[in-house]
S.K.: 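Sharing a structure, written as structure tokens. Questions coming.
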Amino acid sequence: MDVRDKFLKFFENKGHKIYSSMPLVPDDPSLLFTNAGMVQFKDIFTGKIPAPKNKRATSSQLCIRAGGKHNDLENVGYTARHHTLFEMLGNFSFGDYFKEDAISFAFEFITKELKFDTKKIYVSVHESDDEAFAIWEKYLPKEKIKRFGDKDNFWQMGDIGPCGPCSEIYIDQGEENFNSKEDYFGGEGDRFLEIWNLVFMQYERDKDGTLHPLPKPSIDTGMGLERIVALLEGKTNNFDTSLFMPLINKSVEITNKPYNDKFKASHRVIADHSRSIAFLLAQGVNFDKEGRGYVLRRILRRAVRHGYLLGLKKPFLYEIIGMVCDNLAYHYSYLADKKTYIQDQCKAEEERFFQTIESGMEIFKKELEKTKDIFSGKIAFKLYDTYGFPLDLTQDMLREKNIQIDINTFEQYMNEQKTRARDAWKGSGDEIKNGDFASILEEFGENKFIGYDTNKAKCKILALLDINYKRVDKLEGDGYIFLDETPLYPEGGGPIGDNGEIYKNDKKIGEIIYTKKYFGLNISEVSIKSQIKINDEIEILVDKNRFEIAKHHSATHLLHASLRKILGLHISQAGSLVESNRLRFDITHPKPISKKELELIEFEVNRIINLGLETKIELLPINEAKAKGAMALFGEKYGDIVRVISFGDESCELCGGIHISNTANIGNFYITKESGISSGVRRIEAVCGLAGYNYTKENIEILNNAKELLKQNDIILGINKLKDSIHKLKDLKNKTDDGVGLKSLNFEMIKNTKLIVAEVGESINIKKAIDEAKKDNDSVAIFLISNDDGKINIGCGVKNINNLKANEWIKEISKIIGGGGGGRDDFATAGGKYVDKIIESLKKAKEYALSKI
């Protein structure tokens, strides 16, 4: 039994409920990532929702600290214990036990289960916490208990809210392993390793800073798994343990560079970052230009840069990440399920970065040669903006030279354009959490959903909320309503929430605008014309669109099964929206879905629809459902008993939503669009049912209109004739065009050089136009782009400009537009595919030329 399992089993035997590790992306917009074990219990600690029946909890929580306020990224690889991803073991009490039991449990676990020698155990308490000091004296001599101030031994969730003193447990790693004068208990050295923090939440801090005793003090603890493993294996550095050494050895094998002082930091960075990348990709985060995806990209690029330092010039990290998936699959099975997808995504991102890293490193090296003390903020920004080097990556490279960046200049350039979301990330959403939901939960508990079997019901009003989510006794106008039981389905991922009508004494008195889950409560937003009060009896009529929503929801299940059948089992849901007239389904998939594949997927869904399979609904224990093969969504919270939706042998998923009774009810299914929404995530949009009928009807009308316009029943033949006529007209225009159209283009005179950067019509012969410009001018730089029905052509020419080379110019710009090309110093051509990047390319082309002329 490993440390993780031993810890969870120990506390389970002490009456704690084991909670699974929550997703690294929390359901909390104020946090970038889950950064501590208590995050999934935050709303309980803050009183937003009541404590569960079992007020004892334990977990082993995956945490990320690589962005936002909690950022350990820069230290990783250079210290013994900093990591971007780590596991935090914790036990929690929600107003149940307090200091006496928390300390007793901790001491018993580290001495009886981990078998640490009592002689090596030291603890700290807050300077004012006589109670904790007295309890610890039962276990340790008083000289091993130290009092520290607020900086070290007081914890708070925020400026206001729950807080309290804490007690930290340390293990003496041995005087023989450390020589620093600061290696005494309480010093700055590393000999005394803090392994466990016991937080005693006993106060509430108000706006004035005053501490008020909490009526039900709680316990929040956190212990680093990586540190414990290091101690048990007799290592003074986390990276030298069995958690990291297999990855480091793989890095040594790939790079052929030894794990010694010269290369040690780079190997450690690669090992650490590979773990973060594997878990973030597995949990649905994708490489992006902003937010969490940008943090993921920063982590990968930092690891790749260290591989580059070790001599690697091609993707390598994906191999090490494959080992992460293999090594940790015994506890996190989804790593094995998604291994191929994770590796494909990683490799593709590595390839993108390697395309720019050489050019960026050249610029960095040239600037470094000119740098004495302060590295240019302008160049640091250029590396960031043009070559994708995050600021901390450049800082990391300069750290080795003991050189700082001119950060003020860098930030000045950053402020002149849109910054990425790492710097602009703002938490929001706490307005709802300040609502009176906790009091409703405490008074009534969760209300019952009865809408599986009916679309109307007589209900009793238990609570009313105004537009600020505050409880009121009566309501007229806009607000929220909480019913004893409700036929209204709440939004909770996938299908949208129900709307409908409200009746009282057979008279319509209001509208249901939307229905949603708030902390487990099924609450509807309403607009009331005639006043309603608490305890009123009303009748709810669900909108008739629900049946169409149910069709699209069931079709989504069939689509999911068909995608896995046609594209592979790596497919997993990354997002979903179900409405009455369309569905949208996002999946993890590394490349665009081909037209042939889409046809097969669409056919497969319609095949299942036409089988007329009865919908089977079962309530099963979670383990039995999974054994049956029911697909579960990652990050979704499921109870001990789950609802399983099956359509014959074709589809089986855990789902709490509303469905049709037979696949034949769906009627039809058409894919309307396939697109990419971020790296590694594809989006499929589709229609069925009534919307499918309307989609078909509209397309038939379009075809009939086309026949009339073309005067041809065979539309394909008519279109081909029209295209032939257009091409003949273009050929005629190209033959007669002498390039004079260029004379109307704007130009600038820069140091006696004519600069022309423009988009031209497809009728312009770009090569001929460039030759003409070079012939008519003593010194010229000309860059032209044409868009011929999505086919992009680029050409550039240079005459009598020493620092500007046409082939380098076009190579630099064509990658923006998704193409490539080359040529001579005086003339070069390229192609491209991103029409939406033409304007940006022209801007960059001009900037590049201006920097050289």
Side-chain angles (χ1 to χ4, degrees), residues 289 352 355-356 359-360 363 378 381-388 413-414 416-420 730 733-734 737 739-777 779-801 803-853:
K289 295 180 179 178
R352 281 191 285 269
Q355 289 174 2
T356 61
S359 301
I363 290 174
K378 180 179 180 180
F381 177 76
K382 183 175 183 179
L383 288 170
Y384 165 84
D385 188 46
T386 306
Y387 297 99
Y413 278 94
M414 282 290 289
E416 289 174 359
Q417 68 171 31
K418 291 181 180 179
T419 59
R420 288 192 169 107
K730 283 185 178 180
K733 186 170 180 60
N734 285 335
D737 193 338
V740 293
L742 281 176
K743 294 178 182 178
S744 65
L745 294 177
N746 292 328
F747 67 88
E748 293 182 50
M749 292 303 299
I750 311 294
K751 299 178 184 178
N752 297 319
T753 294
K754 180 181 280 189
L755 173 62
I756 304 171
V757 177
E759 181 180 3
V760 297
E762 67 269 18
S763 63
I764 295 289
N765 184 317
I766 287 181
K767 183 179 185 308
K768 185 177 178 182
I770 291 172
D771 288 343
E772 181 182 323
K774 289 163 68 177
K775 178 181 177 182
D776 292 345
N777 296 279
S779 178
V780 67
I782 177 170
F783 190 101
L784 304 177
I785 298 180
S786 72
N787 172 19
D788 183 3
D789 195 23
K791 181 182 179 182
I792 299 171
N793 294 306
I794 313 171
C796 66
V798 176
K799 180 180 178 183
N800 292 335
I801 307 172
N803 295 327
L804 183 60
K805 309 295 183 188
N807 51 1
E808 295 175 358
W809 192 9
I810 208 159
K811 183 179 179 182
E812 184 69 24
I813 306 305
S814 62
K815 61 188 177 185
I816 299 172
I817 212 160
R824 307 186 304 270
D825 288 352
D826 64 330
F827 177 75
T829 60
K833 57 185 177 180
Y834 301 142
V835 174
D836 59 334
K837 296 287 186 179
I838 288 177
I839 294 175
E840 180 185 350
S841 298
L842 291 170
K843 180 184 175 184
K844 295 290 185 182
K846 183 175 179 181
E847 290 174 358
Y848 185 90
L850 289 173
S851 71
K852 300 292 184 179
I853 297 175

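The analysis underlying the following values was restricted to heavy atoms, covering all of them including side chains, and did not include hydrogens, waters or symmetry mates.
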S.K.: What is the minimum heavy-atom distance between I794 and G831, and which atoms define it?
M.R.: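 The pair with the smallest heavy-atom distance is CD1-O, 4.1 Å.
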S.K.: Compare all side-chain heavy atoms of N793 with those of T829 and state whether any distance is below 4.5 angstrom.
M.R.: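 SC-SC contact between N793 and T829 ruled out.
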S.K.: Return the set of residues passing side chain to side chain donor-acceptor pair (under 3.5 Å) with K799 (not counting sequence neighbours), or none when no residue passes.
M.R.: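 So K799 forms no side chain to side chain donor-acceptor pair (under 3.5 Å) with any residue.
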S.K.: More than 12 heavy atoms of other residues, nucleotides or ligands under 6.0 Å from CG of N752: is that the case?
M.R.: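 Open.
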S.K.: Does this structure show an ion pair linking D771 with K767, if we count only N-O contacts that are shorter than 4.0 Å?
M.R.: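 Salt bridge: yes.
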S.K.: For the NZ atom of K751 and the CG atom of L850, what is their distance to the nearest 0.5 Å?
M.R.: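 With rounding to 0.5 Å, NZ (K751) is 9.5 Å from CG (L850).
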S.K.: I'd like to know if K754 and D776 make a salt bridge, using a cut-off of under 4.0 Å between side-chain N and carboxylate O.
M.R.: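 So K754 does not pair with D776 through a salt bridge.
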S.K.: Does the pair K852/E808 count as a salt bridge with the N-to-O cut at 4.0 Å?
M.R.: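 Looking at E808 together with K852, the answer is no, because their closest N to O distance does not fall below 4.0 Å.
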S.K.: Answer whether the closest heavy-atom distance between the side chains of F381 and K378 falls below 4.5 Å.
M.R.: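 A side-chain contact under 4.5 Å is absent here.
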S.K.: Check the pair I782, F747 against side-chain contact (heavy atoms from CB on, under 4.5 Å), reporting the backbone distance first and the verdict last.
M.R.: CA-CA 9 Å; I782 177 170; F747 67 88; over 6 Å; no
S.K.: Of all heavy-atom pairs between I853 and A781, which one has the smallest distance, and what is that distance?
M.R.: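 Answer, listing the atom of I853 first, then A781: CD1-CB, 4.5 Å.
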S.K.: Write down the atom of I770, the atom of C796, and the distance for their closest heavy-atom approach.
M.R.: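 Heavy atoms only, the tightest pair is CD1-N, 3.5 Å.
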S.K.: Report the residue from D825, I801, V798 that forms a side-chain contact (heavy atoms from CB on, under 4.5 Å) with W809.
M.R.: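 Answer to the side-chain contact (heavy atoms from CB on, under 4.5 Å) test with W809 among D825, I801, V798: V798.
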S.K.: Are the side chain of N765 and the backbone N or O of K768 linked by a donor-acceptor pair below 3.5 Å?
M.R.: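 Judged by distance alone, yes, a pair lies under 3.5 Å.
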S.K.: Can you measure from CD1 (I816) to OG (S841) and round to the nearest 0.5 angstrom?
M.R.: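 These two atoms lie 5.0 Å from each other.
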S.K.: In Å and rounded to the nearest 0.5 Å, what is the OG to NZ distance from S851 to K382?
M.R.: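 Going from the OG atom of S851 to the NZ atom of K382 covers 5.5 Å.
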S.K.: If you round to the nearest 0.5 Å, how far is CZ of R824 from CG of N807?
M.R.: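 One finds 10.0 Å between CG of N807 and CZ of R824.
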S.K.: Can you find a pair of side-chain heavy atoms, one from I838 and one from N787, that are under 4.5 Å apart?
M.R.: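 Yes; the side chains approach each other to less than 4.5 Å.
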S.K.: Of all heavy-atom pairs between S814 and G821, which one has the smallest distance, and what is that distance?
M.R.: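 Shortest heavy-atom separation between S814 and G821 comes out as OG-N, 4.2 Å.
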S.K.: Is it true that a side-chain atom of K837 and a backbone atom of G832 form a donor plus acceptor pair closer than 3.5 Å?
M.R.: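 Not a single qualifying donor-acceptor pair exists.
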S.K.: Answer yes or no: does atom NZ of K846 have more than 12 heavy-atom neighbours from other residues, nucleotides or ligands under 6.0 Å?
M.R.: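 Count not over threshold, so no.
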S.K.: Would you call F827 and K774 a side-chain contact if the rule is heavy atoms closer than 4.5 Å?
M.R.: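 Yes; the side chains approach each other to less than 4.5 Å.
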S.K.: How about I839: does its CD1 atom have over 12 heavy atoms from other parts shown lying under 6.0 Å from it?
M.R.: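 Atom CD1 in I839 is not crowded, with 12 or fewer foreign heavy atoms closer than 6.0 Å.
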S.K.: Measure the spacing between CG of L804 and CG of L755 and express it to the nearest 0.5 Å.
M.R.: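 Between atom CG of L804 and atom CG of L755 there are 9.0 Å.
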S.K.: For G360 versus L383, what's the shortest heavy-atom pair and its separation?
M.R.: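 That closest heavy-atom pairing would be O-CD2, 3.2 Å.
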S.K.: Where do T753 and S779 come nearest, in terms of heavy atoms and distance?
M.R.: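 Closest approach of T753 to S779: OG1-OG, 2.7 Å.
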S.K.: To the nearest 0.5 Å, what is the distance between CZ on F783 and CD1 on I785?
M.R.: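 Rounded to the nearest 0.5 Å, the CZ-CD1 separation comes to 4.5 Å.
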